[in-house]
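In what follows, a single structure is set out as structure tokens and then discussed.
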Amino acid sequence: MNEELAITIGTAAREAREKLGMTRAEVAERVGLVEPAYRRMERGKVLPSVTVLHRLSLTLGLSPEVLLGTAPQGTAKKPSRAPLLDAETAELRRLLALARKLDAEKLDALLHVADALTR
């Protein structure tokens, strides 16, 4: 493993995640990793696969070149797709994560409550 590259990717990912106000668990879920595996990657202990690197790029709104440390700062183009839920608050992302765990009946009840609260 290229330790220097792993540290570069992990540092860029951590800085972008923190800037977006996301938790490690949120990023891990979006890129298809369990949180402990994502944590090891962010700490520079493992290198991500190409697929995970691509998903990480989309999720964090960074170009692969920035993640790999091959682009000069401030000049790298961002991916064409915006990061998922980029403009939303941490509270809304948490609510969405909780809602994904609900069965159909409970999700319907949550929708009714949310509808009533917005009136």
Side-chain angles (χ1 to χ4, degrees):
M1 178 183 85
N2 184 332
E3 220 172 290
E4 185 178 333
L5 179 59
I7 291 169
T8 299
I9 293 170
T11 300
R14 179 181 41 79
E15 289 173 356
R17 175 184 60 76
E18 289 174 348
K19 185 177 179 183
L20 292 171
M22 297 176 73
T23 66
R24 283 187 191 102
E26 289 171 327
V27 175
E29 180 181 342
R30 292 184 190 179
V31 300
L33 295 174
V34 293
E35 195 273 338
Y38 178 77
R39 185 178 349 114
R40 285 194 328 269
M41 187 206 65
E42 203 174 81
R43 289 176 38 222
K45 302 297 181 189
V46 295
L47 282 168
S49 68
V50 173
T51 303
V52 170
L53 185 72
H54 176 71
R55 290 178 188 157
L56 194 60
S57 173
L58 294 174
T59 299
L60 298 176
L62 295 176
S63 70
E65 292 84 5
V66 169
L67 284 170
L68 294 169
T70 59
Q73 282 226 252
T75 61
K77 290 175 69 179
K78 290 188 175 184
S80 58
R81 260 179 45 189
L84 301 175
L85 308 174
D86 182 36
E88 296 182 2
T89 65
E91 290 84 6
L92 287 175
R93 288 193 307 271
R94 182 171 175 242
L95 180 61
L96 180 58
L98 292 171
R100 286 183 177 141
K101 297 176 183 177
L102 298 176
D103 62 31
E105 184 179 334
K106 290 178 181 175
L107 183 58
D108 188 52
L110 178 61
L111 287 172
H112 286 303
V113 169
D115 187 46
L117 289 173
T118 58
R119 290 183 192 163

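Values in this document were obtained by computation on a predicted structure and should not be read as measured data.
- Within the model, atoms CG of N2 and CD1 of I9 stand 8.5 Å from one another, a figure rounded to the nearest 0.5 Å.
- Taking all atoms of both residues into account, the shortest heavy-atom contact from L62 to A16 is CD1-CB, 3.5 Å.
- L68 is listed as a side-chain neighbour of L5, based on a closest heavy-atom distance under 4.5 Å.
- Within the model, atoms CD of E42 and OG1 of T11 stand 8.5 Å from one another, a figure rounded to the nearest 0.5 Å.
- Closest of all the heavy-atom pairs between R55 and V31 is NH1-O, 3.2 Å.
- Using a cut-off of 4.0 Å between Lys/Arg side-chain N and Asp/Glu carboxylate O, R39 and E35 are scored as salt-bridged.
- Side-chain contact between R24 and R17 is present, with heavy atoms from C-beta onward closer than 4.5 Å.
- For residues 107-119, the pairs satisfying salt bridge (charged side-chain N to carboxylate O under 4.0 Å, His left out) are D115-R119, with sequence neighbours left out.
- Rounded to the nearest 0.5 Å, atoms CG (L56) and OG1 (T51) are 12.0 Å apart.
- Formation of a donor-acceptor pair under 3.5 Å by the S57 side chain with backbone atoms of L53 is not found in this model.
- For the atom pair L107 CG and K101 NZ, the distance stands at 14.0 Å (nearest 0.5 Å).
- Note that CG of L60 and CZ of R30 are 9.5 Å apart. Values are rounded to the nearest 0.5 Å.
- To the nearest 0.5 angstrom, T8 atom OG1 is 11.0 Å from E3 atom CD.
- In terms of heavy-atom proximity, L110 sits nearest to A99 at CD2-CB, 3.9 Å.
- Contacts of E29 classified as side chain to side chain donor-acceptor pair (under 3.5 Å), with partners at least two apart in sequence or in another chain: R100.
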